[in-house]
Amino acid sequence: MIFILPLIAALIGWLINKIAVSFIVRGLVKQQGAIANRLGELAEDQFSFDDIKIKLAAPENIKNLIPLVESHLDSFLRERLPKAMPVLSMFIGDTIVNQIKSHLVNELDALFPVLINQYISNVEKELDIKKMISSRINNIPSATLQSTVREGLKPQFRQLELLGAISGLIIGLVTLAACALLHC
């Protein structure tokens, strides 16, 4: 009967750590507001509108817009403008349409980075990253947050439970050996 002591100790060690994991997860859920605020602050510190401006206003990204702009201008100059102003269509032929389109595309190519930077600056003034992220995290239902934490940290929690079982087994073996030496 005394020989099952290490197994019982291993089971107790595993169970204690399993309960500890549950307390940790519940504690995280209870601290959801504080965690949400801290994550919001972290995101706000790490988030850079300058990086977005640089990426969006990069010449290669602007160049990707030009075919769309040209297509839209072509459609406007050849179809919608003549319908809106029929008299003007008598004076505008393909050569003039192509010249107008070429000049407008060049102007827009220069204007897009300015527009994008201005738009991002306006968004930056109005957007509260910290509030947006902390609000979203705070609105996650407790059960969803709990299951997400459990699933996300599953390997670490299993290692902790295994560590409890191994330490319990070692304590049980040491106790068994001490008992054998003392003739319990």
Side-chain angles (χ1 to χ4, degrees), residues 21-160:
V21 164
S22 292
F23 280 123
I24 290 169
V25 171
R26 281 194 213 119
L28 286 171
V29 171
K30 285 180 183 176
Q31 295 296 318
Q32 184 173 359
I35 292 168
N37 286 335
R38 182 62 194 120
L39 288 173
E41 290 170 3
L42 180 65
E44 189 174 60
D45 292 344
Q46 300 300 313
F47 189 79
S48 169
F49 278 99
D50 291 335
D51 291 342
I52 292 174
K53 284 179 191 176
I54 290 167
K55 185 73 173 167
L56 290 178
E60 62 273 6
N61 289 332
I62 301 296
K63 295 290 182 224
N64 290 336
L65 290 175
I66 297 303
L68 178 65
V69 170
E70 279 188 276
S71 172
H72 185 78
L73 283 173
D74 196 56
S75 170
F76 172 76
L77 292 170
R78 293 182 194 281
E79 297 167 16
R80 290 191 303 275
L81 186 62
K83 286 180 185 173
M85 304 174 84
V87 176
L88 189 61
S89 67
M90 291 187 290
F91 301 105
I92 298 179
D94 278 347
T95 306
I96 300 222
V97 166
N98 288 335
Q99 286 177 348
I100 291 172
K101 188 170 66 170
S102 174
H103 288 295
L104 284 174
V105 166
N106 287 338
E107 283 298 312
L108 289 173
D109 192 25
L111 182 61
F112 278 157
V114 175
L115 286 172
I116 290 169
N117 284 327
Q118 183 61 49
Y119 179 75
I120 297 294
S121 293
N122 292 344
V123 168
E124 182 178 11
K125 290 175 190 170
E126 296 176 18
L127 189 63
D128 186 347
I129 299 288
K130 177 186 173 193
K131 183 178 178 183
M132 184 175 70
I133 289 176
S134 64
S135 171
R136 295 252 174 138
I137 293 172
N138 270 324
N139 288 329
I140 297 172
S142 297
T144 302
L145 184 60
Q146 216 171 31
S147 67
T148 301
V149 169
R150 284 187 189 280
E151 197 58 39
L153 296 173
K154 194 175 198 173
Q156 291 78 12
F157 288 158
R158 286 192 185 225
Q159 287 174 351
L160 186 61

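We number each residue from 1, following the sequence as shown.
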L73 and side chain to side chain contact (heavy atoms under 4.5 Å, CB included): which single residue from V97, L104, L81 fits? L104

In this structure, CG of L111 is separated from CG of N106 (nearest 0.5 Å) by 12.5 Å

Test item: S75 side-chain N/O and S71 main-chain N/O as donor-acceptor pair under 3.5 Å: no

Check: S22 and R150 side chains under 4.5 Å, non-hydrogen atoms: yes

I want to check something: taking the side chain as every heavy atom from C-beta on, are Q146 and Q32 in contact at a cut-off of under 4.5 Å? no

Got a donor-acceptor contact below 3.5 angstrom from the D74 side chain to the E70 backbone? no

Is any side-chain heavy atom of N61 closer than 4.5 Å to a side-chain heavy atom of F112? no

If you round to the nearest 0.5 Å, how far is CG of N138 from CG of L145? 10.0 Å

State whether the number of non-hydrogen atoms from other residues, nucleotides or ligands found under 6.0 Å of M132 atom CE is greater than 12. yes

Indicate the atoms forming the closest heavy-atom contact of A36 with S134, along with that distance. O-CB, 3.3 Å

CD-CG distance between E124 and D50, expressed to the nearest 0.5 angstrom: 6.5 Å

T95 versus Q99: any side-chain heavy-atom pair under 4.5 Å? yes

In this structure, CG of N117 is separated from CD1 of I52 (nearest 0.5 Å) by 11.5 Å

Return yes when atom CZ of R136 has more than 12 non-hydrogen atoms of other residues, nucleotides or ligands closer than 6.0 Å, and no otherwise. no

Step by step, would you call E60 with N64 a side-chain hydrogen bond (donor to acceptor under 3.5 Å, both in side chains)? CA-CA 6 Å; E60 62 273 6; N64 290 336; over 6 Å; no

T144 and T148: which non-hydrogen atoms are nearest, and at how many Å? O-OG1, 2.7 Å

Does a sphere of radius 6.0 Å around CD in Q31 hold more than 12 heavy atoms from other residues, nucleotides or ligands, not counting ones at 6.0 Å or beyond? no

What's the verdict on side-chain contact (heavy atoms from CB on, under 4.5 Å) for I35 and L28, showing C-alpha distance, side-chain angles and the deciding distance? CA-CA 8 Å; I35 292 168; L28 286 171; 3.8 Å; yes

Under 3.5 Å: donor-acceptor pair, side chain of E44, backbone of I133: no

Least distance between heavy atoms, V149 atom then F157 atom: O-CE1, 4.1 Å

Is any side-chain heavy atom of L56 less than 4.5 Å from a side-chain heavy atom of Y119? no

To the nearest 0.5 Å, atom CZ of F49 lies from atom NZ of K125 at 12.0 Å

Identify the two heavy atoms, one from G152 and one from P155, that lie closest to each other, and give their separation to 0.1 Å. O-CD, 4.3 Å

Does atom CZ (R158) have a neighbourhood of more than 12 heavy atoms from anything else shown, all under 6.0 Å? no

Please determine whether the number of non-hydrogen atoms from other residues, nucleotides or ligands lying under 6.0 Å from atom CD of E107 exceeds 12. no

Less than 4.0 Å between a side-chain N and a carboxylate O, is that true for D109 and K63? yes

Distance check, rounded to the nearest 0.5 Å: I116 atom CD1 versus K53 atom NZ? 12.0 Å

